[in-house]
Structure formats: structure tokens, C-alpha cells
Amino acid sequence: MLTPSPPHHRLRILAVAAACAVIMGLAGAWSGSQSPGVRVAVLAVSAFALAAVGAAAALRELARSERECARLLQQADDARALRDAVMDITPVGFAFYDRDLRYVHVNAALAAMNGLPVKAHLGRHVAEVLPALGTALAPRLARALESDAPLQDLSLQVETPAAPGETRFWFGSYSRVRGSGGAVLGVIASLSEVTERMRAEASLQEHEGRLDVLTRSLPDYLWGGKLRDGVLRDFYCTPVVERTTGYPASAFTTGGGPEGTPSPLWAEMIHPEDRTRYRECIESLALAPSTEVEIEHRIICADGRVRWVRSRAAASGLDDRGGVHLGCVVTDVTDRRLADDLRQRLNDSFRRSATEWRRTFDAVSSPLLVLSAEGIIHRLNDAARVLFREADPSGQPLSVTAGAPPWSSAGPLVEELHATHGSTSRQVHDPESHRTWELSAAWVDEKASEDARIILVATEVTRLLELQAHVRRSETMAAMGAIVAGVAHEVRNPLFSISAVVDAVEATYGAQPELKPYLDVLRGEVRRLTHLTQELFEYGRPTRGEWTDGAVGAVVADALSACMLTSDKAAVKLAREVAEALPPVRMDARRLFHVFRNVVENAVQHSPQGTTVHVTAEAVEEAGRPWVRCTVHDGGPGFRSEDLPHVFEPFFSKRRGGTGLGLSIVQRILEEHQGRIRLSNHPQGGAEVTILLPALSPAGDTGTTPQSQVS
């Protein structure tokens with residue numbers, strides 16, 4: 001497109017046209033006196049000459065205009081290139097829209113801000129390129145097309161592909177563009193991203209709000225200023241000063257001296273006895289910048305009350321004028337001061353309570369452990385410490401109690417409490433000490449406590465179980481004793497008659513050999529029934545012993561002598577090993593003789609020929625008590641494990657011809673002597689029966705005979 005001719009070019013054309021007009025006029029005037037033919041020729045020649053001159057002049061002017069147009073086009077291209085370079089390097093986004101709001105030009109900065117290439121913008125409507133941006137930007141561009149004044153706004157918030165999912169803030173400036181003829185060509189927009197500035201402003205406002213809320217919510221008040229030449233300048237304090245002093249903040253900031261010094265009330269509020277110390281402490285910060293000081297002093301409040309406060313002040317480094325900036329936090333410590341004495345009294349009270357609690361805790365007779373939820377032993381009383389053989393397992397896991405019953409059986413209880421958070425209990429038995437415990441565990445989880453606790457309490461129920469077993473056995477034996485005594489009484493008379501008839505038959509017909517086998521059978525059965533009757537009488541006989549204090553060795557010797565005939569018939573040897581000077585026991589010698597005789601006879605009857613039954617008696621101590629222990633070890637097959645729970649039951653017997661009452665009678669007699677009987681198999685083979693009789697103290701024990709223990 002050619003640009004219009006400059007003004008000097010138009011002047012040249014007008015000058016040529018004027019010269020041609022003058023020449024034509026002169027030619028016309030001159031030819032007026034000539035003939036028409038000459039006049040026509042002159043005019044024709046003049047016109048031709050003028051046309052030639054005009055054409056030459058026009059051609060020269062046209063060439064000159066083309067050169068000028070090319071120069072102007074080159075300048076326009078250079079200006080456009082410069083404009084594009086400037087727009088491409090500027091960080092501000094520029095875009096030119098036509099009157100239909102289509103992109104005509106977009107610089108690289110705006111394309112990067114939109115997250116799209118430049119070509120994706122050109123020729124497309126603003127809402128077509130980025131719908132969200134177009135929706136917000138189109139109304140602003142439309143208003144700019146209708147106004148000569150530039151429009152600006154800070155409320156442009158958009159989300160572009162350059163930062164998906166992130167709202168960005170832009171500052172926009174929009175201006176209408178007119179052509180040389182005044183026609184509106186479009187609108188130009190410059191967009192600058194202010195996201196970081198907006199975020200910084202929002203963060204600053206948020207921090208200022210937080211600081212204000214924090215300052216107002218603190219019970220402490222703050223003051224500050226510049227300390228220079230011993231004078232506090234630019235003083236300020238937070239409004240919460242009124243909570244502590246009763247004075248509003250304005251009372252200290254109004255009426256002060258020059259350069260913002262506080263009012264005299266600030267110094268007068270310090271207690272007279274503390275003013276010098278307080279002033280020296282604050283002024284020391286000027287001598288040691290970048291340090292902190294702390295002082296407790298008194299202030300006089302608006303209502304005349306005296307309160308204690310703690311002032312903690314810090315100073316910056318020296319400024320160019322030799323001053324420091326101070327900041328101080330003032331905390332009311334009156335309540336703390338008043339509470340110090342109470343706290344001391346409470347601490348003394350707590351110590352006394354702890355001592356009393358510890359004494360009470362240790363005074364509990366039942367062993368007691370306090371565990372953490374993880375099974376760590378926190379505390380134990382003296383009774384529990386005895387079970388650990390005086391060792392202190394505090395701070396160790398419960399697993400260290402593996403060799404200390406009953407705690408070694410507490411593991412399953414603790415695991416159960418982890419699931420139930422309740423309480424549980426179980427009985428545990430220690431085979432070594434023959435003690436039985438009722439082990440109780442409870443989960444304690446108070447709301448105010450940081451962690452849960454497990455309380456373990458062990459109550460020894462050995463004696464209780466023995467008494468219960470004794471009562472049950474006594475009731476059973478009493479009932480059975482009454483029955484068997486009645487049966488024995490009824491059977492005894494017929495047996496006497498049968499025995500008398502057998503004697504009469506033998507006296508009358510004894511000479512007949514065919515009757516002898518039958519008579520022998522009858523006599524054998526009568527003897528067996530007589531023995532059974534005697535056993536029944538012994539089992540059902542009420543206790544009426546003749547109690548004496550003496551050594552058990554003589555009773556053992558008598559029992560062995562009574563068993564010699566039986567052992568000789570069975571070809572079994574009897575070996576005795578009785579310690580000398582056995583401690584005395586309280587006993588009914590006749591019934592205790594029956595115990596040892598019954599046990600030794602059983603051992604002989606269960607021993608093969610050629611074996612030996614070993615009988616020992618010695619003094620021992622078990623469970624903290626002295627005993628006389630007698631052991632009978634035979635050479636037989638031993639007890640079967642399934643028979644052990646039943647061997648003391650009446651009429652239970654595995655021996656052919658046995659009544660099943662022997663060990664039941666032994667058990668009953670030992671109950672009368674507060675004794676114990678144990679049945680086991682010896683490691684080297686054979687059965688082993690252990691009888692424990694409580695030994696008397698040197699002073700003797702003339703009390704009644706308590707119940708027995710059978711294991």
C-alpha cells in the first residue's frame with residue numbers, strides 16, 4: 001500500500017501545472033492575431049509541448065514518489081521489527097485485538113502467561129483461545145472500545161494452562177486504538193502478573209492479623225522503643241497492658257516528652273523499692289547490645305494493688321546513632337509467687353502421702369505387682385519382693401519372672417487384658433513348692449493418666465484349697481464310713497456263723513479226703529471277707545487317737561518288722577535307712593503304724609522277686625517349715641499316669657484281691673496328723689511314696705491336730 005505524497009511533492013506538481021497554464025495563455029494570446037489555421041497549429045504544438053513537458057515532469061515525480069515510498073516502507077518495517085523486539089523482550093504481556101476482539105498481535109510474554117504458543121492466538125476470539133480468560137477479559141475489552149480513556153483493573157483472576165489448577169492474579173490496562181482517519185482499529189491490552197505480590201500482600205495481612213490476635217490473646221503485655229543516651233524514645237506498648245496494670249495503653253503514650261518518650265506514669269508505676277534496680281537492668285542493655293536480661297519486680301496498679309511481674313527484655317545491635325531497639329515481655333507472676341508456698345506445702349504433703357502410700361503398699365500381705373501396659377514392672381511390695389528372693393525386678397519386663405512363681409504364670413493374663421481391658425483371674429500351682437495361688441489381674445486406665453497400668457495380685461490359696469479338699473473328703477468319708485461300718489457289722493455275724501459251720505463240718509467229716517479242697521476254699525474266702533470287714537471297720541471308725549510326742553523311727557521299725565513275713569514270702573528284701581535324732585512329731589503311734597505297714601506291704605506286693613524295697617526317714621525343711629520325710633521306694637513298674645488321680649479313692653485297686661481301701665485309710669490317718677503324702681515314679685524305676693509329717697519345735701506343740709495336705 002502506497003503512502004500519501006509528502007506536501008513538497010504536491011507543491012512541485014502545482015508549480016508545473018501553473019507554468020503550463022501560463023504558457024498556454026501566452027500561446028493563445030499570440031495566436032489570436034493569426035489566422036485560424038495558424039492559431040490551431042500553434043495551440044496544438046503548444047499543447048503537445050506542454051503534454052510532453054508535463055509527462056516528463058510527472059514521470060520524474062512518480063519515480064521520486066516510489067523511491068520515497070520504498071524508503072518509508074523500509075522505515076515502517078524497521079519500526080515494526082523494533083516494536084516486535086521490544087514487545088518480545090518485555091516481561092509485560094501485550095496483545096492487540098481488532099474490533100471483534102480477535103487477536104491481531106500477541107507478544108511472547110503474554111503467550112507464556114497463557115501457556116499457549118503465539119500462533120494459537122492470532123485470528124481467534126479472546127473467548128475462543130481461553131474460555132475462562134475470555135469470559136473475564138471480553139467485557140473489559142468491550143468497555144475499552146467504547147472509551148477514549150484507558151481502563152485499568154486489579155481484579156483479573158484466571159487459571160491458564162501455564163499453571164493448571166492455580167488461580168493467578170493479573171493487572172490489566174486496556175486502551176482503544178484509532179487510525180489516522182480517526183477510525184477505531186481495535187484495542188490494545190497490557191497484562192502484568194501480580195500473583196506473587198497479591199500472595200505476599202495476603203500473607204502479610206494474615207501474619208499481621210495473627211500477630212494482632214496473638215498479642216491480644218496473650219496474658220503478657222509487650223512494650224518497646226529505642227534506648228539512646230539513657231532515654232527511651234519511640235515508645236509503644238500493646239493494649240493488653242490494661243489487663244495487668246489497670247491503665248490503658250494510651251495512658252503511657254500520651255502526655256510524653258519529645259521523640260515519643262513515655263509519660264512519667266511509666267516510671268512511677270514501678271514500685272519505689274524496685275525502680276533503681278529496674279532502671280539499671282534495662283540500661284545495661286545499651287552497654288551490651290544483642291543480649292537479654294530478666295528481672296522480677298513489683299508494679300503499682302491503677303487500683304493501688306501491688307503485683308509481681310517478670311520483665312524479659314532483649315536489645316538489638318547498635319544503630320548509627322549509638323542506640324539500641326528494645327523489646328520487653330512483661331508477665332504477671334503474682335499468682336506464681338503466691339503459689340510457691342502452697343506448692344511447697346503440697347510437695348511436703350505429697351511426700352508424706354507417698355511415704356504413707358508406700359508403707360501401706362508394703363504392708364499389704366498379698367504379693368502385688370504394678371505393670372505398665374507393655375508388661376514392664378514398675379513397682380512391687382515387700383510381699384512380692386520375697387517371692388523374688390529379695391531381688392528387685394523394677395524396670396524389667398515380666399519375662400524376667402520365669403523362675404519366680406506365681407508371676408511366671410502371669411503372661412497369659414497380661415495378654416488377655418490387652419484385648420479386654422477388664423479384669424481376670426486364674427489359679428496357678430507351683431509343683432516345686434506345692435503352693436497354689438489365686439492370681440488376679442486388672443487393667444487400670446484413668447482418663448487423667450498418660451498410660452495404662454496392670455495390677456497383679458497373688459493370693460495364696462493353698463491352705464484354703466486343702467481345707468476345702470479336706471471338708472469334701474471328710475464329708476465323703478463320713479458318709480461312706482457310716483455305710484461301710486453298717487455293712488461290716490451286718491457281715492461280721494454271718495461270717496462268724498460260716499466260720500463256725502466250717503469248723504463243725506471239719507470236725508465231723510474231716511476224715512473224708514474229698515471234702516478237704518472245699519473246706520480249704522471256704523476257709524480262704526472267710527479269711528478274705530474277714531480282712532475286708534476289718535478294713536471296712538478301720539475306714540469307718542471315728543477318730544479317737546491317743547496322741548503323743550515322739551520320734552517316728554520306732555514306728556517305722558515296728559512296721560518293717562510286721563512286714564518281714566510278707567517280704568520273705570515274696571522274696572523281696574527290705575532296706576531301712578533312718579536318720580538318727582529325728583525331730584519329734586505329734587502322732588497316734590497305733591494309727592501311724594498302720595500307715596507305714598500298709599505302704600510297705602503295697603510296695604512289697606508290687607515288687608518282683610529279688611528286688612529291694614528301700615525305706616528312709618530324715619529331717620527336711622519345705623516351704624519354710626520343718627518336716628520328717630519318710631520315703632518308700634519299691635522295685636515294681638511304678639504308677640500309671642492315668643491311675644494317679646484315683647489312687648486315694650475308696651475301693652480303687654489295680655491289684656488282684658485288693659480291697660482298694662489301703663491308701664484311702666492311709667490318707668485319712670495322715671489328715672489326722674496334718675501330714676502330706678506324695679505318689680510319684682522314681683527316676684531309676686519303681687514307685688515312690690513320700691510321707692511328710694510336721695516336726696515339732698523344740699518347745700513342743702501341744703495344740704490340736706489340723707488338717708492334712710495330700711499331693
Side-chain angles (χ1 to χ4, degrees), residues 200-339:
E201 291 178 355
S203 177
L204 180 60
Q205 293 176 357
E206 182 180 0
H207 281 80
E208 289 178 349
R210 289 180 179 176
L211 181 60
D212 182 66
V213 170
L214 181 61
T215 301
R216 293 180 179 275
S217 63
L218 287 174
D220 309 338
Y221 66 88
L222 293 80
W223 64 265
K226 289 185 178 179
L227 183 63
R228 186 169 61 249
D229 300 329
V231 178
L232 186 62
R233 298 175 171 83
D234 298 335
F235 176 81
Y236 62 90
C237 64
T238 56
V240 293
V241 66
E242 187 173 359
R243 297 178 187 172
T244 303
T245 66
Y247 295 106
S250 58
F252 305 109
T253 56
T254 57
E259 300 185 16
T261 58
S263 67
L265 178 61
W266 184 255
E268 295 171 357
M269 185 176 62
I270 307 298
H271 195 278
E273 297 179 3
D274 297 333
R275 288 175 188 171
T276 301
R277 185 167 57 92
Y278 177 77
R279 182 179 182 86
E280 291 175 352
C281 181
I282 297 300
E283 290 181 350
S284 66
L285 292 173
L287 303 176
S290 302
T291 59
E292 296 182 3
V293 294
E294 183 177 310
I295 182 175
E296 289 192 1
H297 59 92
R298 290 163 289 179
I299 60 173
I300 303 174
C301 300
D303 58 2
R305 293 179 299 115
V306 176
R307 301 191 67 83
W308 279 92
V309 297
R310 181 180 64 246
S311 295
R312 184 184 296 110
S316 66
L318 291 173
D319 59 14
D320 55 354
R321 300 180 62 182
V324 294
H325 187 85
L326 294 182
C328 184
V329 179
V330 183
T331 305
D332 190 339
V333 295
T334 305
D335 294 338
R336 192 210 69 192
R337 284 251 180 176
L338 294 176

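Quick note: numbers below take in every heavy atom, side chains included, and nothing from hydrogens, waters or symmetry partners. Since the structure is predicted, the reported quantities are computational estimates derived from the model, not experimental observations.
- Side chain of T331 to backbone of D220: no donor-acceptor contact under 3.5 angstrom is found.
- Applying the side-chain hydrogen bond (donor to acceptor under 3.5 Å, both in side chains) rule to R233 yields the partners E259; only residues at least two apart in sequence or on another chain are considered.
- Residue pairs that meet the ring pair (Phe, Tyr, Trp, His ring centres under 6.0 Å) test with at least one member in residues 257-298, sequence neighbours left out, are W223-W266, F235-W266, F252-W266, Y278-H297.
- Contacts of A313 classified as side chain to side chain contact (heavy atoms under 4.5 Å, CB included), with partners at least two apart in sequence or in another chain: I282, L285, V293, C328.
- With sequence neighbours excluded, no residue satisfies salt bridge (Lys or Arg N to Asp or Glu O under 4.0 Å) with E268.
- Under the ring pair (Phe, Tyr, Trp, His ring centres under 6.0 Å) criterion, W308 pairs with no residue, sequence neighbours left out.
- Residues satisfying the ring pair (Phe, Tyr, Trp, His ring centres under 6.0 Å) test with Y221, not counting sequence neighbours, are none.
- A search for side-chain hydrogen bond (donor to acceptor under 3.5 Å, both in side chains) contacts involving E296 returns R336, R337, not counting sequence neighbours.
- Partners of E292 according to the salt bridge (Lys or Arg N to Asp or Glu O under 4.0 Å) rule, which considers only residues two or more places apart in sequence or in another chain, do not exist here.
- Legend: residues meeting side-chain hydrogen bond (donor to acceptor under 3.5 Å, both in side chains) with R310, ordered by chain and number and at least two apart, are absent.
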List, one per line, each side-chain donor-acceptor pair under 3.5 Å for residues 298-305, sequence neighbours excluded.
unit_1: R298; atom_1: NE; unit_2: D274; atom_2: OD2; d: 3.1
unit_1: R298; atom_1: NH2; unit_2: E273; atom_2: OE1; d: 2.9
unit_1: R298; atom_1: NH2; unit_2: D274; atom_2: OD1; d: 3.3
unit_1: D303; atom_1: OD1; unit_2: R305; atom_2: N; d: 3.1
unit_1: D303; atom_1: OD1; unit_2: R305; atom_2: NE; d: 3.3
unit_1: D303; atom_1: OD2; unit_2: R305; atom_2: NE; d: 2.5
unit_1: D303; atom_1: OD2; unit_2: R305; atom_2: NH2; d: 3.4

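- D229 meets the salt bridge (Lys or Arg N to Asp or Glu O under 4.0 Å) test with no other residue; sequence neighbours excluded.
- Looking only at distances, a side-chain donor or acceptor of R275 sits under 3.5 Å from a matching main-chain atom of I270.
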Next on the checklist: Working note: V329 + L222, criterion side chain to side chain contact (heavy atoms under 4.5 Å, CB included); need CA distance, chi angles, decisive distance, verdict.
Outcome noted: CA-CA 5 Å; V329 179; L222 293 80; 4.1 Å; yes
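- Contacts of E280 classified as salt bridge (Lys or Arg N to Asp or Glu O under 4.0 Å), with partners at least two apart in sequence or in another chain: none.
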